[in-house]
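First the structure, in the form of structure tokens, and then the observations on it.
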2 protein chains.
Amino acid sequence: MTRPVHRVAPATDTPVRQESLRAHNLSLTFRQIVGAPAPISRIELAVATGLTRPTITRIVDELLAGGLIVEAAPSRSGNSGRPRVGLSLAPTGPAGLGLDIRVDALSACVVDLTGTVRHLAFAARPPAAADALARLAEMGRAAMAAAAAEDLTVVGTTLAAPGPVENASVVRFAPVLGWRDVDAGAALRPALGEVTVDHDAGLAALGELYASAPALRNFVCVSGEFDIGAGIVLEGSLLRGARGWSGSLGHVAVTADGPECACGATGCLQHYAGLQQILGASPASAAPAGGPATASVPVLAPAVAIDTLVSSGDTATLAALERAGTALGVALSALVNIIDVDTVLLGGSYSLLASWLIEGVERELNRRVLTASWAPVSVRPAPLGPDAAVIGAALSAIDRVRQDPNSWLARA
Amino acid sequence: MTRPVHRVAPATDTPVRQESLRAHNLSLTFRQIVGAPAPISRIELAVATGLTRPTITRIVDELLAGGLIVEAAPSRSGNSGRPRVGLSLAPTGPAGLGLDIRVDALSACVVDLTGTVRHLAFAARPPAAADALARLAEMGRAAMAAAAAEDLTVVGTTLAAPGPVENASVVRFAPVLGWRDVDAGAALRPALGEVTVDHDAGLAALGELYASAPALRNFVCVSGEFDIGAGIVLEGSLLRGARGWSGSLGHVAVTADGPECACGATGCLQHYAGLQQILGASPASAAPAGGPATASVPVLAPAVAIDTLVSSGDTATLAALERAGTALGVALSALVNIIDVDTVLLGGSYSLLASWLIEGVERELNRRVLTASWAPVSVRPAPLGPDAAVIGAALSAIDRVRQDPNSWLARA
DNA sequence: GAGTTACGTCAATGTCTGTAACAAATTAGC
DNA sequence: GCTAATTTGTTACAGACATTGACGTAACTC
């Protein structure tokens, strides 16, 4: 009756020594602390992990010495007796650095072990790739300095890029930036050390995942920037695909014999639900559609412009939004039919336009998803919205420590 | 530079004791023997696993005593000295039982540890669900008896069903069989013991995976029976989706405003590429399209009928096949854009019609998949074809022992 | 002060590792 | 044909390490 698990790949392909045993149990205990909604005591940890108290004592000592956790004020367990000492993640120590390059802005973000955003900065994007990367490197160094001032050490950096990435370093193709085969990882490494480059849609989904944890475990997060991407999370882990290029939702066909798309195919979702297309629907819109922001706050110029148009009663834009919602629903139906997730988050710019899109999306999902009649798909705006990618990037960097605290303890 | 892995779910959520250490290393060693293309010696195992020779000796003794492996004839290693003793999987001992219920036939299959098909039987499908399940139970018992006669013990049974399954037991919805909420697992359990019920498309993909191992690790296998399903394998493990309902390719929209489908939506792939639709294209076809087979061999009546029509120069059918290939290509492009696999296998009935479909599928994939220009998708017929689901079901049953030999050793 | 709960400490147990030395089976050379 | 060298596999024993289980200590309520 248990859910079957199939794989040809071995569960773990390394031999286990007594030493790894210790590391495993330490990691297991630490993950319990990470996942706990409130400070957790040693006794509770022993129950949760199945380890004995003495072992927990030893492991907790090690984590305390390494600065990964702190003892909180003794908490009442209701009964009499010695009160439990709460353990929670340290607000200092390791931190993750996230960088994001969007059409309209660059951003940098530092997140600590607890998942709290400790630093978040934005800047305009210089048009040239080299300039943008240089600016990002500066922002990264500034963020690291700001982190150091708060007793945080950046242990990993992730860059979110709007396109498929190879070897966690080279951006193969990012039409909205005009990039092709840009080795962003190599460009940033001299200034920032090891950098992992990843697709922004996936990182945005991770951001929403961590921010919502443990509420959401299976969902897709549609990042409506200029490129429509989907980050798919199954059982709390990001679906990356064979080569890490999953989630190209923008070029799923909505109508196979529809109008031609810039990619060469016909009837792509991008044509119906792209921001540029929605904006272009109204003759009133003279928006530059993608000009760099100049302020030090995140500006989603196109989404804001659309919002303004609709609020002022522009019927053409309203109709375009209706079309976009329907098309998005068709493409998402394909996605849900193919991979079966139960929740759809409208992220990125779409989170700002959700109220106009959600109806069309839900209608198509209910019509087209085979299992929707007895297990409806939930659609809602993504809580983190346009900042999900930077935050997700930072979280994905710090998450390596959260999943394997031994790496931090070894170097401390 | 290593590929990032993200998850909120813990790597392993159980504590590790000294005892589990032994079990882990035994399992690790056994998987090496499973994965080895030829009999492997103790020395080679020591190198492959990273364990020491004495440890390997002890583990191998245990596996030999448990009857999971056998010593083969000493093999030449080229050099002088004592020849290596090859170790390979035992052809006796545990076996997996697979059952499949198709429109046109029932089948049962026994596979041993080595992955060899030791028994394969077919029968006509009685129209009523209860009768079909009773017949399957008989076939299962006969297969178990046949297995026992060859010193095989069935350790697990899997049933492949043409529709979404809940709790590994209840078939929610199988339109081609006229089933709705049939608890197939419960029906078979009295006769066969514990039975796992699973979607046929996924099991077919597993069949192709195990049969091809280690060649394929990331692919989708389209099962063209009456319902078009897709089994998706990523990194050697089956993508199941949040509730195990992934792979409903048949109801992906090819043309959002296309003709109405039986499911209530419009423009579904099923309408363009379903066997019934292809057959229906020709006025010459008076085929009953789905009548039960009566012979004791697998009869794919519709596929054979199509084949006959085309061979006799029926242009309407040829045109229908062309449309089907194109539509399939559109839907598969959506799938590949969304989850990024590098290989498409045309399975089930499509494997028999592959030569007429493959051109259209490849054309659309090359046009529509964003990454196809620098990383083309390979399309080919599935080697196991229509029998992949039964074989995959049996393999998935025996695979539990292959992944964790301790379960077998504990009971032997 | 008694009772209760939380936490720390210590010897005992069991597992793997490493380093041996040893036995077995074959080839190479005289 | 016999001996030496070579490679493979087994056995033995000390050492290291982590968990366990039992016992002892700390802190708080009634």
Side-chain angles (χ1 to χ4, degrees), chain A residues 12 14-30 33 36 38-65 69-88 405-406 409-410, chain B residues 12 14-29 32-33 39-65 69-88 406 409:
Chain A
T12 315
T14 50
V16 175
R17 317 195 141 69
Q18 304 92 303
E19 209 178 314
S20 18
L21 212 158
R22 172 183 211 146
H24 177 106
N25 283 341
L26 185 137
S27 166
L28 173 71
T29 306
F30 187 65
I33 300 174
I40 187 171
S41 75
R42 291 169 173 82
I43 291 274
E44 289 167 310
L45 280 174
V47 174
T49 59
L51 295 168
T52 57
R53 267 108 47 145
T55 305
I56 293 291
T57 292
R58 204 191 40 64
I59 288 173
V60 166
D61 282 349
E62 215 167 325
L63 290 172
L64 281 170
I69 60 174
V70 291
E71 288 190 325
S75 82
R76 278 304 66 239
S77 63
N79 304 352
S80 62
R82 177 175 172 173
R84 301 175 176 181
V85 178
L87 300 168
S88 53
N406 297 287
L409 295 177
Chain B
T12 315
T14 50
V16 176
R17 317 196 141 70
Q18 304 95 304
E19 209 179 312
S20 19
L21 213 157
R22 173 184 210 142
H24 178 105
N25 282 340
L26 185 138
S27 167
L28 173 71
T29 306
Q32 285 291 337
I33 300 174
I40 187 170
S41 75
R42 290 170 174 81
I43 290 273
E44 290 168 308
L45 280 174
V47 173
T49 59
L51 296 167
T52 57
R53 266 116 46 150
T55 305
I56 293 289
T57 292
R58 204 190 40 64
I59 290 172
V60 165
D61 282 349
E62 216 166 325
L63 290 171
L64 282 170
I69 60 174
V70 290
E71 288 191 326
S75 82
R76 278 303 67 239
S77 64
N79 304 352
S80 64
R82 177 174 173 172
R84 301 174 176 182
V85 178
L87 300 168
S88 53
N406 297 288
L409 295 178

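Since the structure is predicted, the reported quantities are computational estimates derived from the model, not experimental observations. Chain letters run A, B, ... following the sequence lines, proteins first and then strands; every chain starts at 1.
Under 4.0 angstrom from either OP1 or OP2 of C/dC16 there lies at least one side-chain N or O belonging to B/R58. Considering only side-chain N and O atoms, A/N25 lies nowhere under 4.0 angstrom from the phosphate OP1 or OP2 of D/dA18. Distances shown here put a side-chain N or O of A/R42 below 4.0 Å from the OP1 or OP2 atom of C/dG8. Put simply, B/R22 has a side-chain N or O that comes within less than 4.0 Å of OP1 or OP2 on C/dT15. The shortest distance between the side-chain N/O atoms of A/R53 and the OP1/OP2 oxygens of C/dC7 is not below 4.0 Å. The phosphate of C/dG18 (OP1 or OP2) has no side-chain N or O of B/T52 nearer than 4.0 angstrom.
Between the side chain of A/S27 and the main chain of A/A23, no donor-acceptor pair closer than 3.5 Å is present.
Regarding B/D61, its CG atom lies at a distance of 9 Å from the C1' atom of D/dT10, rounded to whole Å. A straight line from CD1 of B/I56 to P of D/dG9 spans 11 Å, rounded to a whole angstrom. Taking atom CD1 on B/I59 and atom C1' on C/dT15, their separation rounds to 11 Å, with Å as the unit. Taking atom CG of residue A/L45 and atom P of nucleotide C/dA6, one finds them 13 Å apart after rounding to whole Å. In this entry the distance linking CG of A/L51 with P of D/dC17 reads 20 Å, nearest Å. In this structure, the CD1 atom of A/I43 is 16 Å from the P atom of D/dA27, given to the nearest Å. With rounding to whole Å, B/H24 atom NE2 is found 17 Å from D/dA18 atom P. Between B/I40 atom CD1 and D/dT8 atom C1' there is a gap of 14 Å when expressed in whole angstrom units.
With respect to A/P54, the side-chain contact (heavy atoms from CB on, under 4.5 Å) criterion is satisfied by exactly one of A/T52, A/T57, A/I56: A/T52.
Atoms CG and CD1, on A/L63 and A/I69 in that order, are 4.5 Å from each other to the nearest 0.5 Å. Note that CZ of B/R22 is 5.0 Å distant from CD of B/E62, once rounded to the nearest 0.5 Å. Taking CG of B/L87 as the reference point, atom CG of B/L45 lies at 6.0 Å (rounded to 0.5 Å).
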- Message: Using the rule given for side chain to side chain contact (heavy atoms under 4.5 Å, CB included), can you reason through B/N406 versus B/L26, listing the C-alpha separation, both sets of side-chain angles and the distance that settles it, and then say yes or no?
- Response: CA-CA 8 Å; B/N406 297 288; B/L26 185 138; 3.6 Å; yes

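Dense packing is recorded around CZ of A/R58, with more than 12 heavy atoms of other residues, nucleotides or ligands lying under 6.0 Å away.
For A/G86 against A/P39, the heavy-atom pair with the smallest separation is CA-CB, 3.9 Å.
With sequence neighbours left out, the salt bridge (charged side-chain N to carboxylate O under 4.0 Å, His left out) criterion links B/E44 to B/R84.
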Review item, nucleotides 22-24 of chain C N/O atoms under 3.5 Å of protein N/O:
{"residue": "C/dA24", "atom": "N3", "partner": "B/R82", "partner atom": "NH1", "Å": "3.4"}

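Side chains of B/L51 and B/I59 form a contact here, defined as non-hydrogen atoms less than 4.5 Å apart.
Across all strands shown, A/T55 has heavy atoms under 4.0 Å from base atoms, whether or not it also approaches the sugar-phosphate.
Minimum atom distance to the side chain of B/R84 is reached by D/dT8, of the listed D/dA12, C/dA6, D/dT8.
Stem analysis of DNA chain D (Watson-Crick or G-U pairs, both distances under 3.5 Å, runs of at least three) returns C:1-30 with D:1-30.
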